[in-house]
Amino acid sequence: MGLLRSDLAPRIASEIQIDARSLLDGAHAGEIRELLEQRGVIAVRELHLTDAEQIAFTRTLGKIVDEDKVLKITMDPQENPKAEYIKGAFYWHIDGTMLDVPIFASIMSSRQLSAVGGQTEFANTYAAYDDLPEAEKWAIEGLKVVHMFEVAQRYVRPEPAYAELQEWQRFTPKTLPLVWKHRSGRKSLVLGSTASHVEGMRLQESWALLTRLREWATRPQFVYRHEWKLGDMVIWDNTGTMHRAIPYPLDSGRMMHRTQLAGEEPFV
Ligand code: SIN
């Protein structure tokens with residue numbers, strides 16, 4: 001039997017109704033992957049998976065990153081020693097732009113909510129590309145953008161200590177196409193907080209272009225905002241979306257558990 005699905009926004013995100021057992025036996029894995037690539041985001045309400053179940057489910061979809069581990073997404077440094085970095089999640093980004101092959105998809109479930117804020121927003125970067133005027137598509141075709149981890153971190157800490165900057169600079173900058181031509185033939189925009197500048201373009205012009213495209217790609221028609229309930233699980237295709245968390249108090253106790261699927265397609 002096919003999945004019971006309803007679309008959450010016209011251009012992005014669907015909700016599926018499925019119980020944990022049917023998810024875990026993998027019988028719907030092919031359909032889920034296909035839906036993910038079509039819709040960018042899939043939500044399952046109030047599923048309440050355990051960590052072991054989330055890991056097992058992730059494995060039904062592909063190769064899991066960091067076998068047997070869930071990452072705790074929280075601002076609580078007792079729970080996550082890298083909590084400081086997680087503040088970067090408040091800005092639009094794509095996971096894994098510093099990797100040779102970016103993460104294919106992320107799976108995140110809510111364990112504790114913030115009383116205010118803490119929704120997650122997703123923007124469909126395929127739809128944003130498709131709707132660009134033809135002249136704009138032509139103008140940006142072939143442009144390359146330098147991505148740097150430190151650029152994303154500067155949103156959070158504009159005046160880092162020198163030692164901290166050196167830590168950030170351990171990530172080698174990556175030069176990525178602005179328009180990602182996927183194996184499927186579809187094209188998406190590669191933007192987000194790690195984007196530093198367009199190669200070979202004057203800085204002012206380059207920042208203007210990246211800002212204008214980010215503003216375009218995050219227009220309401222391309223965006224879905226997930227209002228979390230406890231136990232929800234959301235899967236997103238990291239190769240065709242950007243995402244960000246809506247700010248929440250750092251001491252809110254918000255806790256998400258995340259697993260990821262290894263990348264399958266390089267940017268070029
Ligand atoms: C992330 O950026 O991976 C996490 C988003 C969130 O906490 O809502």
Side-chain angles (χ1 to χ4, degrees), residues 8-9 12-13 15 36 40-47 49 51 54-55 58 61 64-66 69-99 102-125 147 149 151-157 168 171 190-195 214 217-218 222-263:
L8 296 166
I12 180 170
E15 180 178 334
L36 189 60
V41 178
I42 299 177
V44 193
R45 285 288 185 192
E46 298 175 273
L47 195 61
L49 291 188
D51 284 351
Q54 183 167 331
I55 289 167
T58 305
L61 298 178
I64 190 168
V65 175
D66 266 344
K69 271 199 226 116
V70 294
L71 180 70
K72 291 181 176 177
I73 307 279
T74 172
M75 297 295 173
D76 181 351
Q78 307 292 341
E79 294 281 359
N80 182 356
K82 294 201 170 147
E84 193 59 29
Y85 288 147
I86 292 194
K87 290 182 195 158
F90 293 149
Y91 304 94
W92 288 108
H93 63 283
I94 296 175
D95 291 334
T97 46
M98 295 290 106
L99 300 173
I103 297 296
F104 164 50
S106 297
I107 294 112
M108 194 162 82
S109 55
S110 54
R111 301 306 174 96
Q112 194 174 324
L113 304 181
S114 172
V116 281
Q119 302 89 339
T120 308
E121 285 191 331
F122 302 92
N124 186 334
T125 51
H147 286 253
F149 182 70
V151 174
Q153 287 306 309
R154 278 180 194 278
Y155 281 74
V156 180
R157 289 172 72 78
W168 299 344
F171 291 85
V190 181
L191 298 166
S193 57
T194 52
R214 195 239 308 126
T218 57
F222 305 128
V223 172
Y224 166 67
R225 174 182 284 202
H226 191 74
E227 300 279 350
W228 291 95
K229 288 187 186 156
L230 214 53
D232 284 359
M233 180 179 78
V234 172
I235 314 165
W236 66 90
D237 172 1
N238 184 61
T239 67
T241 59
M242 289 192 283
H243 60 283
R244 67 172 178 181
I246 299 301
Y248 50 90
L250 301 186
D251 61 355
S252 68
R254 182 184 188 269
M255 172 69 79
M256 301 281 163
H257 283 194
R258 195 187 72 187
T259 45
Q260 289 186 313
L261 285 163

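Note that ligands are numbered from 1 as they come in the structure, with each ligand's atoms numbered from 1 the same way. All figures in this text were calculated on a predicted structure; none of them were measured in a lab.
- Every atom of ligand 1 is numbered from 1 in the order shown, and the set under 4.0 Å from a heavy atom of Thr120 is 6 (C), 8 (O).
- The distance from ligand 1 to the heavy atoms of His93 drops below 4.0 Å at these ligand atoms: 1 (C), 2 (O).
- A donor-acceptor pair under 3.5 Å is formed between the side chain of Ser110 and the backbone N or O of Lys229.
- Heavy atoms of Arg244 come nearer than 4.0 angstrom to ligand 1 in no pair at all.
- For the side-chain contact (heavy atoms from CB on, under 4.5 Å) with Thr120, the qualifying choice from Met108, Arg225, Arg244 is Met108, the only one to do so.
- With salt bridges taken as basic N to acidic carboxylate O contacts below 4.0 Å, one links Arg111 and Asp51.
- Taking the side chain as every heavy atom from C-beta outward, Leu36 and Phe104 approach each other to under 4.5 Å.
- Close approach to His243 involves these atoms of ligand 1, each under 4.0 Å from a residue heavy atom: 1 (C), 2 (O), 3 (O).
- Ser109 and Gln54 are linked by a side-chain donor-acceptor pair at a separation below 3.5 angstrom, with hydrogens and angles left out of the test.
- Taking the six-membered ring where the residue is Trp, Phe90 and Tyr248 present perpendicular rings, their angle passing 60° and hence far from 30°.
- Less than 4.0 angstrom separates some heavy atom of Arg254 from each of these atoms of ligand 1: 6 (C), 7 (O), 8 (O).
- Here the heavy atom of the protein found nearest to atom 4 (C) of ligand 1 is Met108 SD, 4.0 Å.
- Looking only at heavy atoms of the protein, atom 3 (O) of ligand 1 is closest to Arg258 NH1, 3.1 Å.
- In the vicinity of Ile73, heavy-atom distances shorter than 4.0 Å reach the ligand 1 atoms 7 (O).
- Distance alone, capped at 3.5 Å, is enough to place a donor-acceptor pair between the Asn238 side chain and the Ile103 backbone.
- Contact atoms of ligand 1 toward Ala89: 2 (O) (distance under 4.0 Å to a heavy atom of the residue).
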